[in-house]
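Quick notes on the structure that follows.
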Amino acid sequence: QKEVEQNSGPLSVPEGAIASLNCTYSDRVSQSFFWYRQYSGKSPELIMSIYSNGDKEDGRFTAQLNKASQYVSLLIRDSQPSDSATYLCASEEGHAGGTSYGKLTFGQGTILTVHP
Amino acid sequence: EAQVTQNPRYLITVTGKKLTVTCSQNMNHEYMSWYRQDPGLGLRQIYYSMNVEVTDKGDVPEGYKVSRKEKRNFPLILESPSPNQTSLYFCASSLSTDTYSYEQYFGPGTRLTVT
């Protein structure tokens with residue numbers, strides 16, 4: 001069974017600080033990784049996807065991928081109270097030759113609270 | 001508006017009474033999937049479908065059935081629901097490609113209680 005582990009929360013940061021969310025995965029051949037945000041009582045919302053080693057930036061969000069260490073992270077700069085939510089890390093089961101299997105594994109989520 | 005819809009949003013039923021939760025997307029997505037979300041266990045994939053007439057098991061398929069007769073619809077069927085299927089269910093879809101895939105868009109969720 002492939003596993004995705006997220007740093008245990010909850011995580012609390014002051015407004016304006018950087019929130020750092022971490023995730024490790026067990027499937028060595030996973031190629032696709034995703035960060036979702038889920039507000040209480042709502043459905044998950046995709047905020048970042050990353051497929052290559054390195055950093056990917058989108059506004060205040062930066063995803064980082066290190067395939068050698070099987071590690072994915074999400075940095076949220078200038079955190080706002082509206083960023084308070086559960087953040088879910090997900091990986092797609094590894095595939096070879098460009099054929100995707102379509103099977104995703106999610107971590108249990110990290111609860112982030114940004115306090116004014 | 002591009003969206004994934006699920007019906008019903010809330011359902012309370014009794015053990016053994018067959019039920020179907022519908023899922024529909026209007027984005028012409030090839031890929032669709034069902035998840036259940038339980039406290040402490042996170043989101044777990046039940047079934048997924050790469051395209052019409054193509055379905056496969058996720059991590060927790062026991063007690064569930066699916067069908068994909070047309071691209072836009074992917075119903076989840078519980079033939080004989082049991083209390084351990086009480087959960088929050090999400091349908092999702094994505095425009096899969098060979099290289100970059102499975103940026104999934106989720107429906108609003110269906111909260112199912114089986115007594």
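Letters A, B, ... mirror the listed sequences (proteins, then strands); counts begin at 1.
Of the two parts of A:E45, neither the backbone nor the side chain holds a non-hydrogen atom closer than 4.5 Å to a non-hydrogen atom of chain B.
Side-chain atoms of A:Q108 do not come within 3.5 Å of backbone N or O of B:G42 as any donor-acceptor pair. Side chain of B:Y48 to backbone of A:L104: no donor-acceptor contact under 3.5 angstrom is found.
Residue A:Y36 comes nearest to B:E103 through the heavy atom pair OH-C, 4.1 Å, listed as atom of the first residue, atom of the second, then distance.
Annotation: side chain of B:L43 is in contact with side chain of A:P44 (closest heavy-atom distance under 4.5 Å).
Cluster annotation: B:M50 and B:Y64 are assigned to distinct hydrophobic clusters (Ile/Leu/Val/Met/Phe/Trp/Tyr, side-chain heavy-atom contacts under 4.5 Å, transitive). The hydrophobic clustering, which links ILVMFWY residues whose side-chain heavy atoms are closer than 4.5 Å, places B:L19 and B:Y89 together. By the criterion of side-chain heavy atoms lying less than 4.5 angstrom apart, applied directly or through intervening Ile, Leu, Val, Met, Phe, Trp or Tyr residues, B:L88 is not grouped with B:V60; the two fall into different hydrophobic clusters.
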Can you list, pair by pair, the side-chain donor-acceptor contacts under 3.5 Å of residues 72-82 of chain B, counting residues two or more places apart and other chains?
residue	atom	partner	partner atom	Å
B:R72	NE	B:S24	OG	3.4
B:R72	NH2	B:S24	OG	3.4
B:N73	OD1	B:S24	OG	3.0
B:N73	ND2	B:E70	OE2	2.7
B:E79	OE2	B:K65	NZ	2.9
B:S82	OG	B:N84	OD1	2.5

Please tabulate, one pair per line, all N/O donor-acceptor pairs under 3.5 Å involving side-chain atoms of residues 105-115 of chain B, not counting sequence neighbours.
residue	atom	partner	partner atom	Å
B:T110	OG1	B:Q6	NE2	3.1
B:T110	OG1	B:P8	O	2.6
B:T115	OG1	B:T13	O	3.1

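The CZ atom of A:F106 sits 9.0 Å away from atom CD of B:Q37, with the distance rounded to the nearest 0.5 Å.
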